[in-house]
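Comments concern the structure below.
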Amino acid sequence: MVSSTKRVLPSLVVLFLLQPVFADTLVSTQEEFRQAVSNAAPGDTIVMADGEWNDFEILLSGVGTSDQPITLTAQTKGQVIVTGRSNLRLEGEYLVVSGLVFRDGYSPTNTVISFRANREQLANNSRITEVVIDHFNNPERHETDFWVMMYGRHNRFDHNYLVGKSNNGVTMAVRLDSEDSRENYHRIDHNYFGPRPILGSNGGETLRIGTSRYSLTDSFTVVENNFFDRCNGEVEIISSKSGNNTFRGNVFYESRGTLTLRHGNDNLLENNVFLGNGVDHTGGIRVINKRQTVRNNYMAGLTGHRFGGAFVVMNGVPNSPINRYHQVEESVIENNTIIESDHIELAAGADDERSARILSTTFQKNLITNTNTKNSIAVHDDISGISFNDNIATGILEFPSDQGFEERPITLVTGTNGLLYPDMDIGDVGVSKSLTVIDRDETGPSWYPKPGYENAFDGGNVVAIAAGVDTLTEAVENSQAGDIIELFPGEYIVSKFLSLDHPLTIKGVSNGNVSPIIKYERTTLFELIDGGSLKLEGIVIDGSIAPDTYGNSAIRTSRYSMLGNYQLHLDNVQVRNLNTNHSFNFLKVAMHTMASDIEINNSVFEDITGHIIALDRETDDLGIYNAEYVSINNSSFTNVEGSLASIYRGGTDESTFGPHFSLNNSILNNVGSGNRNSSQSSLYLLGVQATSINNNQFSNSAPIRVIHTVGEPVTSLSGNEFSETSAPSISDYQRPVL
Ligand code: CA
């Protein structure tokens with residue numbers, strides 16, 4: 001054994017004879033590590049020296065025993081940082097890994113942590129505990145890879161930290177793709193599944209168990225006492241695609257989407273807590289398939305609708321192919337509490353294909369309360385196959401059944417576990433008082449800090465700078481995340497790109513009505529690169545000294561894929577003279593970039609030869625798009641040759657919530673009619689899922705064009721005035737005839 005430090009001292013020779021010799025081997029190089037692994041015997045511990053391990057594909061291979069596993073750990077937990085092109089594979093029996101941190105890199109294979117060395121050599125009875133994967137992302141947003149893949153049987157994944165998976169591919173999956181990985185009895189517990197940003201595409205699930213192909217196989221995986229914090233990737237937070245799994249005692253905090261029983265039968269969901277806090281698209285549980293048991297789950301403040309509702313039971317497809325929707329049968333839904341949640345959907349998804357009704361299912365002893373009476377339970381087909389018994393509800397406009405619901409006023413009080421309960425005895429209806437809510441701090445490793453809830457634009461320094469040539473340029477170059485740069489009336493000339501890889505605010509300090517003016521000499525003023533976000537307040541952006549070349553912009557994203565979603569906020573900003581040549585856009589984005597939100601308030605745009613915001617670069621029709629929320633209020637747009645907004649989300653995939661677009665109380669005058677604007681529209685919205693255009697004045701402008709593609713898009717137009725402007729066109733997508 002190389003450089004081994006034996007626990008056994010010469011004076012303990014008697015003990016030495018009685019006890020097996022366990023070696024703690026401290027390794028400092030990849031070669032020492034490989035040596036130690038090849039020499040490792042049951043009971044041995046390999047200790048990685050503190051520091052950075054770069055470009056390291058760690059393979060722990062060996063056979064331990066249940067009493068004497070082979071362990072890989074850190075000299076100091078949290079101080080062994082694995083970076084670069086690195087990953088971890090386990091192969092053998094009774095292996096334990098703890099204390100490592102993966103960050104500042106990504107896996108050269110398709111997985112960061114894999115419970116197998118290769119397709120033939122799997123790990124069983126092994127455990128990964130207190131390991132961190134922190135933004136360990138492939139830089140190409142739509143390249144697919146995974147953070148954790150569980151194979152084999154009887155493995156445990158616990159107290160780990162998985163935060164910031166930002167590229168395509170489920171964060172963690174249990175695979176059943178070979179005989180040796182089925183009926184696996186894995187345990188996934190006490191993990192911190194931290195923020196997963198909106199992906200803007202399918203492939204953003206946080207946890208998946210199985211795939212449709214093997215979904216009629218039992219997995220026997222237990223997922224318990226995990227904390228899912230802002231897991232917003234797509235409509236499925238968890239996608240269970242196998243049989244006999246248990247989901248117990250997990251908390252879903254402000255997470256968009258649902259725990260979905262997508263494929264497979266005989267699953268148990270109990271004692272889970274869903275806290276939406278009114279955040280958009282937060283959901284609860286979606287039930288599909290046979291013999292599912294959903295009991296004693298608590299759902300509150302959930303806003304999601306349709307497949308993302310607080311509680312959803314789907315219709316099936318008759319004789320369904322394995323990858324579509326099996327009919328719900330013989331399922332039990334009982335003792336759940338649903339408070340102040342907007343949408344319960346029964347027979348959801350009913351259509352010509354999904355016509356197989358729910359059969360032999362009971363819905364009993366559930367408590368549903370709303371303070372404002374509303375129609376929160378939607379019934380989409382015949383639900384005579386559900387028997388409703390002993391439910392108690394308040395604040396429901398229309399009940400799904402004449403029987404099985406007692407309507408009674410309910411006042412709620414906070415119980416000792418922090419959840420809300422009726423202040424009177426209602427028997428054993430709703431969740432039990434003994435329901436335990438796992439605390440965020442009880443999940444993940446204790447030694448690695450969890451992300452906060454602060455606003456990205458806050459927390460930095462305020463830096464005031466004088467007008468002049470490149471004073472702003474220098475200030476931006478020297479800025480830090482969250483800083484606010486203050487400008488004063490006068491001209492700020494910028495001769496370089498202002499490249500931003502962190503959130504920054506630029507704010508004019510007004511002197512009466514005079515605002516600071518920024519002019520720039522390059523083809524764009526701001527370039528948002530990975531990590532960048534921008535807030536502009538009380539300034540003028542003037543394009544008059546930009547080059548005389550076509551395709552300029554005021555703000556653009558990186559020209560390449562961006563992992564980080566950016567924010568762009570404007571308040572009281574004037575934008576003018578973006579007209580040195582044609583196709584001069586205010587915001588220009590590249591393919592595979594994503595804005596989490598773009599907000600324009602109280603701003604004025606004038607004399608622009610391109611689009612104001614062009615979010616139309618995802619032209620592959622794969623259900624990918626460039627912005628989640630676009631909201632424009634109290635603003636005016638005059639003499640704009642392109643569209644105010646051009647948003648494109650093509651394809652038929654139903655895994656996302658956005659894009660969302662709203663335009664309110666704004667004025668458009670001569671917008672959208674330039675001869676280079678191919679859509680000849682003032683607003684071109686294709687595949688937008690939620691559109692609201694209210695109380696605006698359009699004059700002498702091209703029409704609004706809304707094209708619905710997939711899902712059940714919600715489009716509302718009201719209170720708009722159109723003069724010298726054609727009526728809006730709202731249509732369904734017509735596939736081009738080739
Ligand atoms: Ca999905």
Side-chain angles (χ1 to χ4, degrees), residues 110-111 137 141-150 162 165-177 193 195-215 219 221 223 228 230-242 245 247 252 255-264 267 280-289 304-309 312 314 316-317 320-326 345 348-349 353-354 565 592 594 618 620-625 628 649-659 687 689 709-712:
N110 68 14
T111 308
N137 291 311
R141 184 181 186 97
H142 288 286
E143 181 61 56
T144 301
D145 64 12
F146 315 99
W147 278 6
V148 182
M149 285 276 154
M150 283 183 101
L162 304 179
K165 177 80 159 71
S166 305
N167 64 317
N168 196 292
V170 47
T171 307
M172 172 167 184
V174 173
R175 304 300 305 269
L176 278 68
D177 57 354
F193 291 95
R196 169 146 204 186
I198 294 167
L199 180 60
S201 159
N202 191 8
E205 303 90 345
T206 292
L207 175 60
R208 193 186 71 210
I209 302 178
T211 54
S212 59
R213 194 163 165 193
Y214 306 105
S215 59
S219 186
T221 298
V223 178
F228 294 85
R230 294 163 284 171
C231 292
N232 295 337
E234 58 139 282
V235 294
E236 295 172 306
I237 306 166
I238 297 181
S239 188
S240 182
K241 296 185 170 180
S242 47
N245 296 309
F247 301 88
F252 297 83
S255 291
R256 291 158 56 115
T258 63
L259 195 181
T260 303
L261 297 175
R262 184 66 188 84
H263 298 295
N267 295 289
D280 227 11
H281 301 297
T282 46
I285 293 168
R286 181 154 68 114
V287 178
I288 307 159
N289 308 291
H305 72 291
R306 199 170 177 249
F307 295 178
V312 184
M314 298 264 307
V317 173
S320 176
I322 198 147
N323 64 347
R324 292 300 293 161
Y325 291 84
H326 286 265
E345 313 264 359
E353 185 209 14
R354 286 180 290 235
N565 296 345
H592 297 180
M594 176 82 174
E618 303 294 347
D620 287 344
D621 291 346
L622 296 173
I624 302 174
Y625 49 100
E628 187 67 21
R649 193 271 190 203
T652 55
D653 176 76
E654 295 182 74
S655 308
T656 64
F657 296 114
Q689 292 296 303
T709 56
V710 72
E712 291 167 19

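We're numbering straight along the sequence, starting at 1. Every number for a ligand or one of its atoms is a count from 1 in the order of the listing.
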Test: K241 and E205 ion pair at under 4.0 Å: no

Metal-centred angle, OE1 of E236 through the Ca ion (ligand 1) to OE1 of E234, rounded to 10 degrees: 90°

Presence of N, O or S from S239 under 3.0 Å of the Ca ion (ligand 1): no

Whether H281 and F657 hold their rings parallel, tilted or perpendicular, with breakpoints at 30° and 60°: parallel

Of N168, N167, N110, the residue whose pairing with D145 passes side-chain hydrogen bond (donor to acceptor under 3.5 Å, both in side chains): N167

Lys NZ or Arg CZ of R230 over F252 ring: under 6.0 Å, within 45°: no

OD1 (N202) to the Ca ion (ligand 1) to OE2 (E205) angle, given to the nearest 10 degrees: 90°

